[in-house]
Amino acid sequence: MTKPQDKLRGWAAARKAILSGLRFTSLRLRLVVVFGLVALTAAVSASGIAYWLNREAVLTRTQDAVLRDFQQEMQNRAGALPAHPTQDELQHTAGQMAASSQRFSVLLVAEDGSGRTVVGNSGALDTFSLTDVPKSLRTAVGKEQSITSSNKYPYHLYWQRIIDGDKPYLVAGTKVIGGGPAGYMLKSLEPEEKDLNSLAWSLGIATGLALIGSALLAQAAATTVLKPVHRLGIAARRLGEGKLDTRLRVSGTDELADLARTFNHTAEALETRVADMSARDEASRRFVADMSHELRTPLTAITAVTEILEEELDAETGSIDPMIEPAVKLVVSETRRLNSLVENLMEVTRFDAGTARLVLDYVDIADQITACIDARAWLDAVDLDAERGIMSRLDPRRLDVILANLIGNALKHGGSPVRVSVSVSDDDAADDDLLIEVQDHGPGIPEDVLPHVFDRFYKASASRPRSEGSGLGLSIALENAHIHGGEITAANSPKGGAVFTLRLPRDPSTLTEPPPDPNGANGNGEGA
């Protein structure tokens, strides 16, 4: 059963995912939003100012007209009443005052002959009464002011805007100068409120239209600005894909046109540089290949001669002068080393040119490793831990090259015995991968050397530039692993010694094989 906490966590995760998806990652969206916010701010500000100015103008105009008319009616009609009018007289006068052009309600308050307060109203607006007048306004109207040079009258006209039942009203009051009744007026401002509401709706509609117009303008501006940027992005992607002849069409003299010109100049310079580097690289590879082929012919003859010399040295009745015997041995050794170097250079050239090919076959890994060890007389120095029956589809010759380099390197630089173990990976990320580990019992590989063990011609000790090896063995082994879709890693074992791990797919038949060697290389990766 789902717990409430799980539901809350799920809702929070979904909300976070939605919010992250709504981030403004699009320049077009950001432009539209910015344009919209600017237009909305400007439109709301303009509409607010216009509404406030019109509201004050409408209310002030109406208020001034009503107060002026009320004050005049008070002077003309209420001023004509006797000092102590009756209620009927007040009622009649209030009705006359309310019949003016402004159509407001009137309330007159006075004292009759007996000193009793009498009230007369016009009967409009639900019988306007004294309770409808704010107390503060009544107090101000009834308060007599002192006569000064700046104040010529003891009573003044006071007014106030009120809200009664969600409807706006104007209330005003004054007293007849020289003695007489007090008069109050109530005027409804509902017509003005409707006019102002209509104005507010009009300004709101105008704001919405301005917002829509700004969005359309932003879209048009974004399209104008972003179309060249979009073309630039496509051109950059094509350039990254290796299509160096990509160019942009330049039009105009603005900053975007300058950017397009800069891109074209950069692409042209890059194309020229890459073409020059490709030509140099091709010439270098061709030189190495041609040199290797040219060296191979005299080396074949020299090798044959050195083999004869070696046989003479090994014969019991050899006729070689003991004084030149060391020189003969040096010639034999260096000839073999030179021959190995030429073969390795030819192999490296094929890998660089992408012409190395796989000749796949199903082999028993244990038998293949045993054959490699036996062919090089390493049986006494190598311990093999491999079950028979582990089959894999790969190139036997290239696997032999990998094993010979790894085991030979372990024997030469590590310590005996060298242990070779075979297993099948059960890791889901590399299902059915073949693992071959070669471990020696030497001092291990220095930490500063580990990143470079597969580099070409790399020597761990700069003080010993010459050795029996060419410095290409591990590099060629790695390239042979790569062409199978595999990898070789080097590390130090916690128990001591170096460990080289070869990982190969059990069936690399799905790999795309390189095209045939244009120089005539056969399936074994060797020149014809």
Side-chain angles (χ1 to χ4, degrees), residues 57-196:
V58 170
L59 293 179
T60 301
R61 184 173 61 250
T62 302
Q63 175 182 294
D64 291 346
V66 171
L67 293 179
R68 186 169 52 250
D69 194 16
F70 172 67
Q71 192 172 24
Q72 185 176 1
E73 290 292 330
M74 285 291 294
Q75 291 176 356
N76 295 337
R77 298 187 184 276
L81 291 172
H84 301 286
T86 63
Q87 184 176 4
D88 291 338
E89 290 175 335
L90 290 177
Q91 194 83 16
H92 178 70
T93 302
Q96 289 180 329
M97 293 174 63
S100 69
S101 60
Q102 296 299 325
R103 300 296 178 183
F104 44 73
S105 297
V106 177
L107 180 68
L108 296 176
V109 182
E111 293 183 355
D112 59 7
S114 60
R116 184 170 57 89
T117 300
V118 293
V119 179
N121 60 46
S122 59
L125 293 177
D126 299 328
T127 60
F128 176 39
S129 64
L130 198 59
T131 57
D132 297 325
V133 181
K135 185 177 181 180
S136 59
L137 183 62
R138 282 180 286 166
T139 302
V141 169
K143 185 177 181 180
E144 184 176 0
Q145 303 289 333
S146 300
I147 303 298
T148 62
S149 58
S150 59
N151 183 30
K152 298 180 180 181
Y153 304 103
Y155 299 102
H156 296 274
L157 176 67
Y158 298 94
W159 58 271
Q160 187 175 345
R161 295 174 190 167
I162 63 173
I163 301 295
D164 186 12
D166 295 332
K167 294 182 179 179
Y169 294 94
L170 176 65
V171 180
T174 188
K175 199 168 183 178
V176 175
I177 300 174
Y184 298 95
M185 177 274 301
L186 181 68
K187 169 66 175 178
S188 175
L189 298 178
E190 191 173 0
E192 286 74 17
E193 183 184 34
K194 291 181 178 179
D195 292 342
L196 292 175

Over all heavy atoms of both residues, which pair between [X] and [Y] is shortest? Give the atoms and the distance, please.
| X | Y | result |
| --- | --- | --- |
| Tyr169 | Leu186 | CB-CD1, 3.7 Å |
| Val176 | Tyr155 | O-CD1, 4.4 Å |
| Leu90 | Leu108 | O-CD1, 3.6 Å |
| Ala78 | Pro181 | O-CD, 4.0 Å |
| Gly173 | Leu137 | N-CD2, 4.4 Å |
| Ala172 | Leu67 | CB-CD2, 3.4 Å |

In Å, rounded to the nearest 0.5 Å, how long is the span from [atom1] of [X] to [atom2] of [Y]?
| X | Y | atom1 | atom2 | result |
| --- | --- | --- | --- | --- |
| Met185 | Trp159 | CE | CH2 | 10.5 Å |
| Asp69 | Phe104 | CG | CZ | 4.5 Å |
| Leu130 | Leu107 | CG | CG | 6.0 Å |
| Met97 | Asn121 | CE | CG | 12.0 Å |
| Ile163 | Leu189 | CD1 | CG | 8.0 Å |
| Leu196 | Leu59 | CG | CG | 5.5 Å |

Sorted by first residue and then second, give each salt bridge (charged side-chain N to carboxylate O under 4.0 Å, His left out) pair with at least one member in residues 70-88; sequence neighbours left out. Glu73-Arg77
Tell me the salt bridge (charged side-chain N to carboxylate O under 4.0 Å, His left out) pairs involving residues 158-185, sequence neighbours left out? none
Given side chains that start at C-beta, do those of Thr117 and Val109 come closer than 4.5 Å, heavy atoms only?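 When only atoms from C-beta onward are counted, Val109 and Thr117 do touch, with a gap below 4.5 Å.
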Using side-chain heavy atoms (C-beta onward) and a distance below 4.5 Å, is Pro168 in contact with Glu192?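 They are not in side-chain contact.
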Do any N or O atoms from the side chain of Thr174 and from the backbone of His156 form a donor-acceptor pair under 3.5 angstrom? yes
Return yes if some donor-acceptor pair links the side-chain N/O of Glu111 with the main-chain N/O of Arg116 below 3.5 Å, else return no. no
Those residues that, when tested against [X], pass side-chain hydrogen bond (donor to acceptor under 3.5 Å, both in side chains) (two or more places apart):
| X | answer |
| --- | --- |
| His84 | none |
| Thr131 | Ser129 |
| Glu89 | none |
| Arg68 | none |

